Student: 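My structure is below; once you've seen it, I'll send some questions.
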Amino acid sequence: MASTAHYDYLIIGQGLAGSLLAWCLTQKAARVLVLDDGHATASSMVAAGLINPLAGMRFNHSPLVHDWLRSLEQTYNELAGLAGQDFLQWLDMLRLFRSAEQIRFYQRQKDKAGITMLIGEKLDSDNFPQPVQAPWGGFEQHRTGWVRLPKLLAFMAEWMQERDMLRHQTVDWNDLAPGDKGVTCNGIQADHAIFCDGYRSMHNPWFDWLPFAPDQGEILTLKRVSDQSLPDRIINGATWLLPVDKGRYRLGATHYHDRQDNQPTESGKERLLEGMEKLLRHPQALELERNDAGVRPATADRQPFIGTHPEQPRLHMFNGFGAHGSLTIPWYAQRMAAWLLSGDPLPQNADIRRYAQDA
Ligand SMILES: Cc1cc2nc3c(=O)[nH]c(=O)nc-3n(C[C@H](O)[C@H](O)[C@H](O)COP(=O)(O)OP(=O)(O)OC[C@H]3O[C@@H](n4cnc5c(N)ncnc54)[C@H](O)[C@@H]3O)c2cc1C
């Protein structure tokens with residue numbers, strides 16, 4: 001395709017959000033071009049890709065949880081079929097209580113209609129089924145797992161390159177010129193531009209009225225170095241441990257709201273390793289292989305930022321997926337594509353028009 005081609009949608013950022021939105025739009029025959037800076041700040045490349053529908057200390061769930069689960073299974077499996085490799089791995093999670101109060105939260109959630117398939121039996125500390133230290137006991141969680149995000153992004157990049165719809169380019173927001181008939185950006189012409197650039201969009205002059213709340217995090221990759229027993233399910237206490245491929249484990253994650261860099265630190269590493277010492281019966285069976293850091297594109301009200309600029313109808317945002325992108329992006333990408341292509345209403349919780357008075 002020549003560089004003067006006209007596109008329906010110009011997407012900035014090829015993280016999970018940009019990749020899945022590009023996929024949804026092209027499935028409906030839209031002409032899409034994606035620009036990415038080589039994943040320079042991609043949190044998708046750092047993330048463990050955990051899928052955990054019961055969030056936080058109180059094990060709350062969103063009313064959208066079943067839509068999210070249905071949609072992610074369909075999308076990741078469809079892409080796996082195309083790629084000939086699996087991206088989604090279902091794996092049960094054992095949640096560890098950290099206080100008597102948390103046991104009460106569990107009991108309250110367990111009785112709620114609609115989530116019985118997510119929340120399992122209470123487990124006593126005496127006969128806890130995994131080699132972990134669980135002084136308060138815990139419970140089983142189902143419909144949890146993880147997504148092989150770097151593999152998925154690499155496949156999506158290859159798929160786009162074969163169709164001439166991905167370019168390695170850093171976009172300067174000031175080079176974007178929206179007008180009545182479309183958007184231009186360094187000679188590229190498109191009907192619309194969509195920002196999928198992760199936390200960097202907090203500096204985007206077109207959308208600087210959106211309250212991003214970036215959440216920097218560090219994560220470790222460990223490898224098994226002995227035969228001592230280690231968990232074969234996801235363990236989630238103050239720290240979480242995820243068994244991944246080839247005898248590797250991911251251990252995470254820290255949260256720093258005052259940092260926006262992707263430099264792992266000695267103190268972050270120590271904090272996570274201390275968490276592992278408290279978590280495992282045999283922490284010496286794991287050895288540190290690497291540590292990574294990234295910035296989650298989190299938001300002040302913990303809801304995504306999706307939709308159209310209130311005064312610039314050619315500019316859009318698909319962002320703000322915080323710590324749960326693997327779970328939520330597949331469903332929101334379908335909704336965003338339906339909004340752009342057919343004008344179907346956006347989910348109100350995520351629509352950026354909730355902040356339009358600040359624009
Ligand atoms: C330590 C850590 C652990 C995490 N663990 C999990 C987890 O277990 N489960 C989960 O669901 N989520 C997790 N997350 C969050 C997850 O990473 C996000 O929810 C999700 O990946 C965000 O995807 P995105 O595409 O919106 O943003 P990103 O992945 O950040 O993608 C944005 C892309 O845009 C590019 N870009 C930015 N600016 C420009 C520009 N000007 N021009 C061109 N390209 C640009 C970036 O380089 C990047 O490639 C974790 C994050 C961190 C940091």
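Because the structure is a prediction, the values reported are computed rather than measured. This chain uses plain numbering: 1 for the first residue, then up along the sequence.
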Student: Would you say I235 and W240 make side-chain contact, with heavy atoms under 4.5 Å?
Tutor: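 SC-SC contact between I235 and W240 ruled out.
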
Student: So, does T184 use its side chain to make a donor-acceptor pair with the main chain of G187 at under 3.5 Å?
Tutor: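 Checked: no pair found.
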
Student: Of all the heavy-atom pairs spanning H6 and A190, show the shortest one and how long it is.
Tutor: NE2-C, 3.8 Å

Student: Is the backbone N or O of P131 less than 3.5 Å from a side-chain atom of S229, with the two atoms forming a donor-acceptor pair by type?
Tutor: no

Student: Any side-chain to backbone donor/acceptor pair from R259 onto Q263? Under 3.5 Å, distance only.
Tutor: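 Side chain of R259 to backbone of Q263, a donor-acceptor pair under 3.5 Å: yes, one is there.
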
Student: For the CE atom of M93 and the CD1 atom of I234, what is their distance to the nearest 0.5 Å?
Tutor: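 Output value for this atom pair is 4.5 Å.
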
Student: Aromatic contact between F318 and F195, with the criterion being ring centroids under 6.0 Å apart: yes or no?
Tutor: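 Not under 6.0 Å, so no.
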
Student: Would you confirm whether R248, through its side chain, and K246, through its main-chain N or O, come within 3.5 Å as a donor-acceptor pair?
Tutor: yes

Student: Please name all residues satisfying side chain to side chain contact (heavy atoms under 4.5 Å, CB included) with V46, sequence neighbours left out, ordered by chain then number.
Tutor: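 Testing V46 for side chain to side chain contact (heavy atoms under 4.5 Å, CB included), a comparison that skips the adjacent residues, returns I219, D292.
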
Student: Listed by chain and number, what are the side chain to side chain contact (heavy atoms under 4.5 Å, CB included) partners of P310, not counting sequence neighbours?
Tutor: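 Checked P310 against side chain to side chain contact (heavy atoms under 4.5 Å, CB included); matches are W209, A356, A359.
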
Student: Might you confirm whether atom NZ of K122 has over 12 heavy atoms from other residues, nucleotides or ligands at distances under 6.0 Å?
Tutor: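 More than 12 within 6.0 Å, yes.
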
Student: Assess the side chains of H309 and R314: does a donor N or O sit below 3.5 Å from an acceptor N or O?
Tutor: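 No, R314 and H309 have no side-chain donor paired with an acceptor closer than 3.5 Å.
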
Student: Would you please name every residue forming a ring-ring contact (aromatic ring centres under 6.0 Å, His included) with Y199, sequence neighbours left out?
Tutor: none

Student: Any donor and acceptor pair, going by atom type alone, linking the side chain of T299 with main-chain N or O of R302 inside 3.5 Å?
Tutor: yes

Student: Roughly how far, to the nearest 0.5 Å, is CG of N60 from CD1 of I115?
Tutor: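 So the gap between those two atoms works out to 9.0 Å.
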
Student: Are the side chains of N236 and L94 in touch, meaning some heavy atoms are under 4.5 Å apart?
Tutor: no

Student: Locate the shortest heavy-atom distance separating V244 from Y249; write the atom from each residue and the value.
Tutor: CG2-N, 4.0 Å

Student: If I compare all heavy atoms of A22 with all of M165, which pair ends up nearest, and what's the gap?
Tutor: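 Taking every non-hydrogen atom into account, CB-CE, 4.3 Å.
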
Student: Can you tell me how far apart CG (L20) and CE (M336) are? Round to the nearest 0.5 Å.
Tutor: 13.5 Å

Student: Is any side-chain heavy atom of L153 less than 4.5 Å from a side-chain heavy atom of M45?
Tutor: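 Heavy-atom side-chain distance check passes, below 4.5 Å.
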
Student: Less than 3.5 Å apart, any donor N or O on the side chain of W206 or S201 sitting next to an acceptor on the other?
Tutor: no

Student: For A300 and A213, which heavy atoms make the closest approach, and how far apart are they?
Tutor: N-CB, 3.9 Å

Student: Given 3.5 Å as the limit, does a donor-acceptor pair link the side chain of Q14 with the main chain of V34, or not?
Tutor: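 Looks like no, no N/O pair under 3.5 Å.
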
Student: Can you check whether P345's main-chain N or O pairs, donor with acceptor, with R335's side chain at less than 3.5 Å?
Tutor: yes

Student: Is there side-chain contact between H257 and Q216, with at least one heavy-atom pair below 4.5 Å?
Tutor: no

Student: For residues P297 and P214, determine if any side-chain heavy atom of one lies less than 4.5 Å from a side-chain heavy atom of the other.
Tutor: no

Student: Sequence neighbours left out, what passes ring-ring contact (aromatic ring centres under 6.0 Å, His included) with F212? Give chain and number order.
Tutor: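 By the ring-ring contact (aromatic ring centres under 6.0 Å, His included) rule, F212 matches F305.
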
Student: I'd like to know whether CG of D172 has more than 12 heavy-atom contacts from other residues, nucleotides or ligands below 6.0 angstrom.
Tutor: yes

Student: Has D180 got more than 12 heavy atoms of other residues, nucleotides or ligands less than 6.0 Å from its CG?
Tutor: no

Student: Any salt bridge (charged side-chain N to carboxylate O under 4.0 Å, His left out) involving residues 56-70? Give me the pairs, sequence neighbours left out, ordered by first then second residue.
Tutor: D67-R70

Student: Look only at the side chain of D37 and the backbone of A40, and say whether a donor-acceptor pair between them is shorter than 3.5 Å.
Tutor: yes

Student: Evaluate the side-chain proximity of N262 to V295: yes if any heavy-atom separation is below 4.5 Å, no if none is.
Tutor: no

Student: Please name all residues satisfying side chain to side chain contact (heavy atoms under 4.5 Å, CB included) with S99, sequence neighbours left out, ordered by chain then number.
Tutor: E101, Q102

Student: Would you give the length of the straight line joining atom CD of Q169 to atom CG of D36, rounded to the nearest 0.5 angstrom?
Tutor: 10.5 Å

Student: If we count only N and O atoms by modelled type, under 3.5 Å, do the side chains of Y355 and D301 hold a donor and an acceptor together?
Tutor: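 Per modelled atom types, Y355 and D301 side chains form a pair under 3.5 Å.
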
Student: Can you list, pair by pair, the side-chain donor-acceptor contacts under 3.5 Å of residues 78-90, counting residues two or more places apart and other chains?
Tutor:
unit_1, atom_1, unit_2, atom_2, d
Q89, OE1, R148, NH2, 2.9
W90, NE1, E73, OE2, 3.2

Student: Rounded to the nearest 0.5 Å, how far does CG of D344 lie from CD of Q334?
Tutor: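 Those atoms lie 12.0 Å apart.
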
Student: Taking all non-hydrogen atoms of both residues into account, name the closest pair between G198 and N319 and its distance.
Tutor: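 Scanning both residues completely, I find the closest heavy atoms to be O-ND2, 3.0 Å.
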
Student: Between the side chains of E289 and T221, does any donor sit under 3.5 Å from an acceptor?
Tutor: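 Per modelled atom types, E289 and T221 side chains form no pair under 3.5 Å.
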
Student: Taking atom OG1 of T144 and atom CD of E140, what is their separation to the nearest 0.5 Å?
Tutor: 10.0 Å

Student: Check residues 269-285 and write down every donor-acceptor pair under 3.5 Å in which the side-chain atom is one partner and the other belongs to a residue at least two apart or another chain.
Tutor:
unit_1, atom_1, unit_2, atom_2, d
K269, NZ, E266, OE2, 2.9
R281, NE, V132, O, 3.4

Student: Determine whether L210 and I352 make a side-chain contact, defined as any pair of heavy atoms from C-beta on separated by less than 4.5 Å.
Tutor: yes

Student: Provide the full list of ring pair (Phe, Tyr, Trp, His ring centres under 6.0 Å) pairs with a residue in residues 127-146, sequence neighbours left out, each pair given once.
Tutor: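 Output for this query lists F59-F139, F97-F139, Y106-F139.
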
Student: Below 3.5 Å, can you tabulate the donor-acceptor pairs from side chains in residues 323-332 to any protein atom, sequence neighbours excluded?
Tutor:
unit_1, atom_1, unit_2, atom_2, d
T328, OG1, H324, O, 3.1
Y332, OH, N349, ND2, 2.9

Student: Which pair of heavy atoms, one from S44 and one from L16, lies closest together, and at what distance?
Tutor: OG-N, 3.0 Å

Student: Just jot down the side chain to side chain contact (heavy atoms under 4.5 Å, CB included) partners of D8, sequence neighbours excluded, or say none.
Tutor: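 Checked D8 against side chain to side chain contact (heavy atoms under 4.5 Å, CB included); matches are A30, R31, D191.
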
Student: Verify side-chain hydrogen bond (donor to acceptor under 3.5 Å, both in side chains) between N291 and E218, making sure each step is shown before the conclusion.
Tutor: CA-CA 7 Å; N291 45 346; E218 299 193 28; 5.0 Å; no

Student: What ring pair (Phe, Tyr, Trp, His ring centres under 6.0 Å) pairs are there with at least one residue in residues 21-44, not counting sequence neighbours?
Tutor: W23-W159

Student: Under the 3.5 angstrom rule, does the side chain of D124 hit a backbone N or O of D126 as a donor-acceptor pair?
Tutor: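 Flag not set: sc D124 to bb D126 has no pair under 3.5 Å.
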
Student: Do side-chain atoms of R108 reach the backbone of K112 as a donor and acceptor pair under 3.5 angstrom?
Tutor: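 It does not hold such a pair.
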
